[in-house]
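So that the names make sense, note that chain A is the first sequence line, chain B the second, and so on, each numbered from 1. Everything numeric here is computed off the predicted structure, so don't read it as measured data. Keep in mind that the numbers below use all heavy atoms, side chains included, and drop hydrogens, waters and symmetry copies.
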Amino acid sequence: MEVKEKIIGAIKIAVKSAMEGGVLKNSDDLPEIVLEVPPRKEFGDFSTNFAMQSAKIFRTSPRKIAEEIKTRIESAAWLDKIEIAGAGFMNFYLSRDVIYQELANIYGAGENFGQLPAKNNQPIQIEYVSANPTGLLHVGHGRGAAAGSAIVNILRAAGYDVESEFYINDAGNQMENLAKSVNARYLELLGKNVDFPENGYHGADIIDTAKKIIERDGDKYLGLPEEERLKILEDLAYADKLAELKKDLSEFQVEFDSWFSERTLHPDKVNAAIKILRDKGAIYEKDGALWLNSTKHGDEKDRVVVRENGVPTYLAADIAYHKNKFERGFGTLINLWGADHHGYIARVKAAMTELGFNADNLKILLLQMVSLYRGGELVKMSKRTGESITLRELMEEVGTDAARYFFLMRSIDSQLDFDLDLAKKQSSENPVYYIQYAHARICSIFRQAAEVGLSLGNNPPQFELMTTDAELDLVSKILEYPDEIEKAAAEFAPQRIARYAYDLAAQFHSFYRDCRILGVGRELAHARLALVRVTGHTIKHSLGLLGVSAPQSM
RNA sequence: GCGUUCGUGGCUCAGUUGGAUAGAGCAACGGCCUUCUAAGCCGUGGGUCGAGCGUUCGAGUCGCUCCGAACGCACCA
C-alpha cells in the first residue's frame, strides 16, 4: 500500500536529518523499518518499533529517538497525529482524507484489487500432489491439492511468476503392481479363477478399471500370453487412472501447468545424473550397489541409488527429476510433500548440492496428516485396502467449497482434524458458509438497490460521508488485504487468507447491522453502496485464492 | 534410540523479522427480527501459552533440557 511506503519514507528522511543535525549518532547499519497494524485500534492505523530496534545503535533511549522522528514528520498533511507509547512504539494516525483516497483507489481498481504488481522474479516452480497413477486420490492428497493450488494462487496474486507441476510416478514397481492387479480383476470378471497378487491394489477402483476395459474391448486380451496381456493392461490402466486423477483434481478446482512423466527420465536422464555424481565422487560402489554419499550433507546414512540388481531406486529418478527442474531455469523450486516423506529431504538436497545446485533454492514444504471425524469419532482407514476416504467421496459428502476451506483453514504444518459434520452444516457454525453468506448478502443488496433505482453509476462516491466506526473499521480491514496477500505468499500460508476472509466477512456483517444502505440520503447511500461493492470484490477475491466459490445467493 | 512437526481457554485452532492488556470459532449463558437474507448481530463467563532453565530492555514466539502426541527411520514409492 502506498501509505505505508509514505510513512517509511518519511521516517527514513527524519532519521537522516537527525543524524546530519548531530542529534542522532551517524550509522549506516540501521534496522529495517517495519510498519505493522497495531493490535488495537486505539494505537492508530500503523505503528513501528523502529525506535526500540535502533536504540542500541544510536545509544539513545527509544522514546528520545521516537521524539526526534516525530517532531520531524508530524506536520505532514497526510498525518493526523503521531503518538509515542509504551517502551517506544510510534503510533501513526492517518488523516481521514488519506483513508478515503485509498478507498477511492481500490474502488477504481474494481475486481483487480488484490492483484499486486509483478515482482519480475525468476520463475518459481511448485510441484504438488504427484500421486501415483495407481488408484484414486484420498483425503491426504486432497489437502495437498488444496494447499498447493491455494499457494499458487496466492503467489500469483502477490505478483510472482509461478508454474505448477504434477510429477507422475509412472515408472517402477507400482506400475507393475497396477498391471498385475488389473489383470487379476480382468480375468476374474471374465470368469477365470486367479490368485490376487500379493501386494496388489485391493481398491474397488481397480475393478472399475477392469470393467471399463472389458466394456470397451471385451475379452480380446484373454487369449494373449500373460506377459503381453500385462503390458497392454498396464498401458490401459495407466491411461484410465491418470484420467481419473485429472478429473478429480479439476473438479476440486486444481489445474496444473504441466504434467511431468517419470518415464521420460528413464533411462537416459537417470543415467546421466548418476554419471555426473559418480564422476564427482559423490556416488560409490558397495555390495554390488551404487550409493550416494549423502551423509556428507547431513543425512543419517548413505542411500542406494542403483540396486544390486541394476535397477535404479526411486531416489535415482528423483535426482534426475530435480536436476531437470533446476536446469529448466526456475529460481526457486517448491515441493509440497506429505509429512511422512520428511526423511527424504536430506538425501535429495544432498544430491542437488553435489550436482552443483544451491539446495537452499529447493524449498520443501511438509504437509501434516489429516484425520476425519464423523459423529465425534475418528473415521478409520479401511483395513483391507489400507485407504482412507477418497477425495471424490469427500467432495460428494461435504462439497468442494467446504472441503477446500477446511483443508486450508489450518497451517500446513499442523495436523488437521476434519469435522465432516461441521463441514456439512449450512449454518453460521460453518465458517465457509458464514463467508459465502456475506457475499450473497452483498449481491442481494445490489438486487434490492436496483429495484429502488439506486446504482453506482459513473459519479465518484463521496466516501467522506462515511464517518462511523462500523464504516471505517470495514474500510481499514479492506486496506489490509494487499499486505495480507504479501505475508501469505512469503510464508506459504493459505490459512492467513482463510482467516482474513472470515474476519472481513465478520466486519461486513457488523457494518450491515449498523448501517443501512437503502433508505438513507442519496449521496450517503451511494458511498455505502460503493463500499459494499469493494467489500464484495474483496471477499470474492480472497475466496478465489482459496479456490472457494462466491455465490450470488444462498 | 535417532530425526521431523506439533503441544495456546471444555473442543478445534490463529497469533505478522521477539514487542503494548494472548485472539477467533464451536460449546455454555443472556439479549436483538414491522424496514437491504436472523445462514446475521450484540453481550457474559472461561487461558500458570506442556514443564523448567537460559538469552533479551522485552519471550506464546529464540536456545537448551525434560514430558506428551503424530509421522518417519528399505537395495518400497
In whole angstrom, give me the gap between the [atom1] atoms of [N] and [M].
| N | M | atom1 | value |
| --- | --- | --- | --- |
| C29(B) | G72(B) | P | 42 Å |
| C71(B) | G30(B) | P | 42 Å |
| G45(B) | C26(B) | C1' | 16 Å |
| A24(B) | C64(B) | P | 33 Å |
| G9(B) | G60(B) | C1' | 14 Å |
| G47(B) | G23(B) | P | 14 Å |
| G31(B) | A20(B) | C1' | 33 Å |
| C13(B) | G52(B) | P | 24 Å |

What nucleotide among [options] has an atom nearest to a side-chain atom of [X]?
| X | options | answer |
| --- | --- | --- |
| Tyr502(A) | U5(B), A24(B), C42(B) | A24(B) |
| Asp340(A) | A14(B), G72(B), C42(B) | G72(B) |
| Ala85(A) | A20(B), A38(B), A70(B) | A20(B) |
| Tyr433(A) | U17(B), A39(B), C75(B) | A39(B) |
| Pro39(A) | C36(B), C13(B), A20(B) | A20(B) |
| His342(A) | A77(B), G3(B), U17(B) | G3(B) |
| Arg499(A) | A38(B), U35(B), G23(B) | G23(B) |
| Glu308(A) | C75(B), U35(B), A70(B) | C75(B) |
| Arg410(A) | A70(B), U4(B), C13(B) | C13(B) |
| Asp413(A) | U16(B), U5(B), C75(B) | U5(B) |

Using purine N1 to pyrimidine N3 plus N6-O4 or O6-N4 for Watson-Crick, or N1-O2 and O6-N3 for G-U wobble, each under 3.5 Å, what pairs with [N]?
| N | answer |
| --- | --- |
| G1(B) | C73(B) |
| A39(B) | none |
| U65(B) | A51(B) |

Can you tell me how far the CG atom of Asn335(A) sits from the NE2 atom of His341(A), to the nearest 0.5 Å? 11.0 Å

Hey, could you give me the CD/OG1 distance between Glu244(A) and Thr390(A), rounded to the nearest 0.5 Å? 10.5 Å

Figure out the [atom1]/[atom2] separation between [X] and [N], and round it to whole Å.
| X | N | atom1 | atom2 | result |
| --- | --- | --- | --- | --- |
| His509(A) | C36(B) | NE2 | P | 16 Å |
| Phe89(A) | G18(B) | CZ | P | 13 Å |
| Asp483(A) | U17(B) | CG | P | 12 Å |
| Gln495(A) | A24(B) | CD | C1' | 14 Å |
| Ile364(A) | G3(B) | CD1 | C1' | 15 Å |
| Phe50(A) | G18(B) | CZ | P | 17 Å |
| Leu30(A) | U17(B) | CG | C1' | 16 Å |
| Lys425(A) | G25(B) | NZ | P | 16 Å |

Please state whether the base of A20(B) and the side chain of Asn91(A) form at least one donor-acceptor pair under 3.5 Å? yes

When you check the phosphate oxygens OP1 and OP2 of [N], does a side-chain N or O of [X] lie under 4.0 Å from one of them?
| X | N | value |
| --- | --- | --- |
| Lys301(A) | C75(B) | yes |
| Ser47(A) | A20(B) | no |
| Ser414(A) | U5(B) | no |

Give one of base, sugar-phosphate or nothing for [X], where a contact means two heavy atoms less than 4.0 Å apart.
| X | answer |
| --- | --- |
| Leu518(A) | base |
| Ile445(A) | sugar-phosphate |
| Tyr434(A) | sugar-phosphate |
| Gln368(A) | sugar-phosphate |
| Cys515(A) | base |
| Ser510(A) | sugar-phosphate |
| Asn309(A) | nothing |
| Arg303(A) | nothing |
| Ser411(A) | sugar-phosphate |
| Ala440(A) | base |

Salt bridge (charged side-chain N to carboxylate O under 4.0 Å, His left out) pairs, two or more places apart, involving residues 132-141 of chain A: none

More 5' along RNA chain B: Asn173(A) or Lys487(A), using each one's nearest nucleotide? Lys487(A)

Specify the residue among His341(A) and Gly86(A) whose closest nucleotide of RNA chain B lies further upstream toward the 5′ end. Gly86(A)

Glycosidic class, syn or anti, of C73(B) using a 90° window around 0: anti

Can the positive tip of Lys25(A) be found less than 6.0 Å from the middle of the six-membered ring of Phe58(A), inside 45° of the ring normal? no

Would you mind checking if [Y] and [X] are paired as a salt bridge, meaning a charged N to carboxylate O distance below 4.0 Å?
| X | Y | answer |
| --- | --- | --- |
| Glu127(A) | Lys325(A) | yes |
| Arg347(A) | Asp318(A) | no |
| Arg303(A) | Asp299(A) | yes |
| Arg374(A) | Glu397(A) | yes |

Quick one about Glu354(A) and His297(A) (side-chain donor to acceptor, distance below 3.5 Å, no hydrogens or angles considered), yes or no? yes

Quick check, are the ring centers of Phe196(A) and His202(A) under 6.0 angstrom apart? yes

According to a cutoff of under 5.5 Å between the ring centres and under 30° between the ring planes, does Phe43(A) stack with the base of A20(B)? yes

